[in-house]
There are 2 protein chains.
Amino acid sequence: MDVKDLCLGALSFGDATGYDIKKFFENTFSHFFLAGYGSIYPALASLTAAGLVSCRTLAQHGKPDRKLYRLTAAGRRAFLDTLRDTTPRHRLKSEFLVLLYFAHLLAPARLQAIVDQQLRNFDGNLKHIRQYEDCCAAAQPLSPGAHFVCGYGKAVMTAASEYIRAHRHSLLPPTGRGAAPRKLIQARRQPVHTASRN
Amino acid sequence: MDVKDLCLGALSFGDATGYDIKKFFENTFSHFFLAGYGSIYPALASLTAAGLVSCRTLAQHGKPDRKLYRLTAAGRRAFLDTLRDTTPRHRLKSEFLVLLYFAHLLAPARLQAIVDQQLRNFDGNLKHIRQYEDCCAAAQPLSPGAHFVCGYGKAVMTAASEYIRAHRHSLLPPTGRGAAPRKLIQARRQPVHTASRN
DNA sequence: TGCCCTGTATATCAGACCGATATACGATGC
DNA sequence: GCATCGTATATCGGTCTGATATACAGGGCA
């Protein structure tokens with residue numbers, strides 16, 4: 001199950017350009033799967049070469065041509081095969097937790113900043129899911145699958161936030177009154193720099 | 001923050017071989033960061049070339065030589081810099097949730113098998129974390145960071161399991177008595193095939 | 001008017017990562 | 001006697017990541 005398969009899945013809901021597909025991933029899969037243009041465009045080229053999608057080019061004034069992709073019969077079959085045969089993985093990669101594992105090497109202010117930032121990220125993601133649900137539900141009821149994965153995201157991120165809020169204090173040194181804690185590492189104001197994921 | 005940095009972190013607890021480092025990742029970071037030999041050995045080679053770790057070779061009878069790596073002063077500094085400067089990411093990649101999003105294209109039996117397997121995976125991971133805590137705590141108390149990330153893993157995976165158990169029924173078609181649900185995709189017995197991650 | 005930023009839309013590229021595979025041998029299990 | 005597991009190294013093709021390039025329309029703003 002790679003980006004190619006995900007593109008087939010996105011196209012199973014209707015024709016789309018690479019740009020649209022990325023939008024779809026961001027709206028729909030943001031909390032459990034993301035792909036950048038660097039994955040999507042090569043994937044679409046490869047799918048076209050394999051005859052799993054067809055492509056027609058729509059000229060535009062000024063802007064680059066839109067390339068509208070459509071699932072072929074073979075593509076639809078290939079996607080169903082993937083759904084049937086994939087052994088699904090489920091994997092977290094968290095530099096946030098790595099950093100906290102090394103809490104003993106972090107300055108308290110830095111630690112607090114990291115934790116606060118992660119809580120804000122969870123809040124943002126939760127808000128995004130709620131908006132997605134509301135916005136889609138306005139058009140037509142969410143499919144059971146979509147509803148389930150949104151609920152999953154909300155449940156897990158809410159639990160994560162609660163755990164962090166309840167236990168963040170345990171990461172700080174015991175703060176023995178006056179026992180000035182050595183500053184191991186200076187905290188540094190960080191530009192909020194969200195990775196671009198082009 | 002890449003595998004190189006994680007290797008520096010692992011070596012901050014003492015000298016180790018590439019093999020040891022992988023074991024360390026599996027024991028300690030399994031639920032939020034994993035790296036295979038294909039990442040670790042090149043990383044160690046590159047760190048050695050950069051002077052951030054030193055390496056001495058211990059001959060063995062029969063088996064390949066052990067290459068024991070040690071953090072240099074420069075390596076320790078580089079690691080602390082990374083801890084101070086990294087903007088931590090936190091990212092889930094779940095084919096499991098992708099599959100469930102497309103529940104409408106899955107045969108009910110397949111759906112059940114996927115969900116059951118994921119619940120077993122969570123159970124296994126939870127057991128692993130508990131064992132790690134018990135086993136380490138026997139030697140010396142867990143560091144606050146280690147304790148926190150273990151608790152995080154347990155909280156999140158418990159919440160995920162509970163959510164799945166509570167809502168899995170919503171993924172099945174409304175099962176109108178006798179309204180034989182079309183079998184869209186046959187379920188297929190899968191060899192339990194856990195990815196090797198060499 | 002000029003300037004910058006955002007949104008639409010394509011695409012490439014170096015570097016990192018993933019998972020499979022190869023090699024080798026001792027010990028353990030059946 | 002043979003298979004499997006654990007120790008220990010390493011490479012490799014294929015994929016993914018994140019930065020960057022190009023190009024123009026439209027809106028905000030001074």
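Because only heavy atoms are used, hydrogens play no part in the values below, and waters and symmetry mates are left out as well, while side chains stay in. Every chain is numbered from 1 and lettered A, B, ... according to where its sequence line falls, protein lines coming before strand lines.
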Length of the line joining B:Arg66:CZ and D:dA8:P, which is rounded to integer Å: 5 Å

Aromatic B:Phe33 / basic A:Lys93 pairing, under 6.0 angstrom, 45° off normal: yes

Ionic contact status for B:Asp81 with B:Arg84, cut-off 4.0 Å: yes

Residue pair B:Ser30, B:Asn125: steps toward the side-chain contact (heavy atoms from CB on, under 4.5 Å) verdict: CA-CA 8 Å; B:Ser30 59; B:Asn125 292 340; 5.9 Å; no

Check: A:Thr57/A:Asp65 side-chain N/O donor and acceptor closer than 3.5 Å: no

Length of the line joining B:Tyr69:OH and D:dA10:C1', which is rounded to integer Å: 10 Å

Distance below 4.0 Å between A:Lys23 side-chain N/O and C:dA9 OP1 or OP2: no

Between P of C:dA9 and CG of A:Asp15, the distance in whole Å: 14 Å

Whole angstrom value for the distance that separates C1' of C:dT8 from CG of A:Asp20: 10 Å

Euclidean distance, atom OH of residue B:Tyr19 to atom C1' of D:dC5 [Å, nearest integer]: 9 Å

B:Lys22 to B:Tyr37, cation-pi by 6.0 Å centre distance and 45° axis angle: yes

B:Tyr41 OH - C:dG19 C1' separation (whole Å): 15 Å

Short side-chain N/O contact to C:dT10 OP1/OP2 from A:Lys22, under 4.0 Å: no

Are any protein N/O atoms closer than 3.5 Å to N/O atoms in nucleotides 15-18 of chain C? If there are, list each pair with its distance.
residue	atom	partner	partner atom	Å
C:dC17	OP1	B:Val3	N	3.0
C:dC18	OP1	A:Arg91	NH1	3.0
C:dC18	OP1	A:Arg91	NH2	3.0
C:dC18	OP1	A:Lys93	NZ	3.4

Salt-bridge present (B:Glu95, A:Arg91; N to O < 4.0 Å): no

Any side-chain donor near an acceptor of the partner, A:Asp116 and A:Gln112, under 3.5 Å: no

A:Tyr37 OH to D:dA23 P, straight-line distance once rounded to whole Å: 18 Å

N/O (side chain, A:Thr17) to phosphate O (OP1/OP2, C:dT10) under 4.0 Å: yes

A:Leu6 CG - D:dT15 C1' separation (whole Å): 13 Å

